[in-house]
Amino acid sequence: MFTGIVEALGRVQRHDHRSDGRRVLTVATPWGPGEVGPGDSVAVDGVCLTVTVVEPSGQLLCFDLSPETLARTTLGRRQPGDVVNLERALRVDGRLGGHLVLGHVDGVARCRWVRPAGAGLEAGFQAPGDLLALLAVKGCVALDGVSLTVAGLEPDGFWVALVPFTLERTTLGQLAPGREVNLEVDVLARYVARQLQPAGPAFSETGGQAF
């Protein structure tokens, strides 16, 4: 579980295609020895990944990218030198400064426009149609792991307001038309939408249909 409050920026060091078929992303972070260990969860551009290897410096973290991650997120296109947003999993005694973010990306949104707004920016995004129904004005959304508020809806997209702090501390400061970002809708919206769907056949805990 995450909050959508980015802790740090990392930089992709390697994106390897291993001989055993694995895709491995190695990211340089500002964290030192003992701050992150194998098995820990880290959100990389909003995608919950498990640390598989911590290189001796403690700053280089390796992550396996599953087929689902490659299909639904932008991480498969990340190359050495790319900057990514990083957030470690929320501690039970930590503050929830943004909103509940699972790190389970729903799809990819494409930036359509960026315009000045006071000291910050406003940015519009085109999103998959099935996800638009899960967005609401003043509701929560995570873009590349950044907790944001939906400022407005359009027929095929939505827009958000970005304050200077967000622009300075996250990769959203690099937004430009055409840029793709990982989109996660509010988890509460998912469950509300599921409850509103017609009830299907009941299933038992063992996976078989219950009669």
Which pair of heavy atoms, one from [X] and one from [Y], lies closest together, and at what distance?
| X | Y | result |
| --- | --- | --- |
| T73 | R77 | O-NH1, 4.1 Å |
| A8 | P30 | CB-CG, 3.5 Å |
| V101 | E184 | CG1-OE1, 3.3 Å |
| L162 | A123 | CD1-CB, 4.3 Å |
| C62 | E55 | SG-OE2, 3.9 Å |

I'd like to know if [Y] and [X] are part of one continuous hydrophobic network [Ile/Leu/Val/Met/Phe/Trp/Tyr, side-chain heavy atoms within less than 4.5 Å].
| X | Y | result |
| --- | --- | --- |
| V27 | L49 | yes |
| L135 | V105 | no |
| V187 | L134 | no |
| V44 | L148 | no |
| V51 | L60 | no |

Trace of the salt bridge (Lys or Arg N to Asp or Glu O under 4.0 Å) decision for D20 with R18: CA-CA 5 Å; D20 58 4; R18 300 287 174 85; over 6 Å; no
Which distance, rounded to the nearest 0.5 Å, do you find between the [atom1] of [X] and the [atom2] of [Y]?
| X | Y | atom1 | atom2 | answer |
| --- | --- | --- | --- | --- |
| T26 | R11 | OG1 | CZ | 15.0 Å |
| L167 | L175 | CG | CG | 8.0 Å |
| R115 | E122 | CZ | CD | 4.5 Å |
| R72 | S66 | CZ | OG | 10.5 Å |
| T69 | H104 | OG1 | NE2 | 9.5 Å |
| T50 | D64 | OG1 | CG | 8.5 Å |

Is it the case that the side chain of [X] and the backbone of [Y] share a donor-acceptor pair, with hydrogens and angles ignored and the cut-off at 3.5 Å?
| X | Y | value |
| --- | --- | --- |
| E87 | G4 | yes |
| T149 | A151 | no |
| E35 | G32 | yes |

I want to check something: taking the side chain as every heavy atom from C-beta on, are [X] and [Y] in contact at a cut-off of under 4.5 Å?
| X | Y | result |
| --- | --- | --- |
| R78 | D45 | yes |
| F2 | R88 | no |
| H15 | L65 | yes |
| L131 | L183 | yes |
| V84 | T171 | no |
| T52 | F63 | no |
| V108 | N182 | yes |
| L102 | M1 | yes |

R23 atom CZ: more than 12 heavy-atom contacts under 6.0 Å: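 More than 12 within 6.0 Å, yes.
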Steps toward side-chain contact (heavy atoms from CB on, under 4.5 Å) verdict (V6, L86): CA-CA 6 Å; V6 171; L86 300 175; 5.6 Å; no
Ion pair D16/R14, N-O distance below 4.0 Å: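 A salt bridge is present here (some side-chain N lies under 4.0 Å from a carboxylate O).
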Charged N-O contact under 4.0 Å between R112 and D156: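 Between D156 and R112 there is a salt bridge, with a charged N closer than 4.0 Å to a carboxylate O.
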Criterion side-chain contact (heavy atoms from CB on, under 4.5 Å) on T170 and D144, from CA distance to verdict: CA-CA 9 Å; T170 78; D144 273 354; over 6 Å; no
Co-members of W159 in a cluster of I, L, V, M, F, W and Y side chains, linked at under 4.5 Å: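 W159 shares its hydrophobic cluster with W113.
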D130 vs L132, side-chain contact (heavy atoms from CB on, under 4.5 Å): CA-CA, chis, key distance, verdict: CA-CA 6 Å; D130 59 332; L132 285 177; over 6 Å; no
Pairs where residues 96-105 contributes a residue and the test salt bridge (Lys or Arg N to Asp or Glu O under 4.0 Å) is met, not counting sequence neighbours: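 Passing the test, one end in residues 96-105: no pairs.
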Check against side-chain contact (heavy atoms from CB on, under 4.5 Å), N85 and R169: CA-CA 9 Å; N85 295 320; R169 302 294 185 94; over 6 Å; no
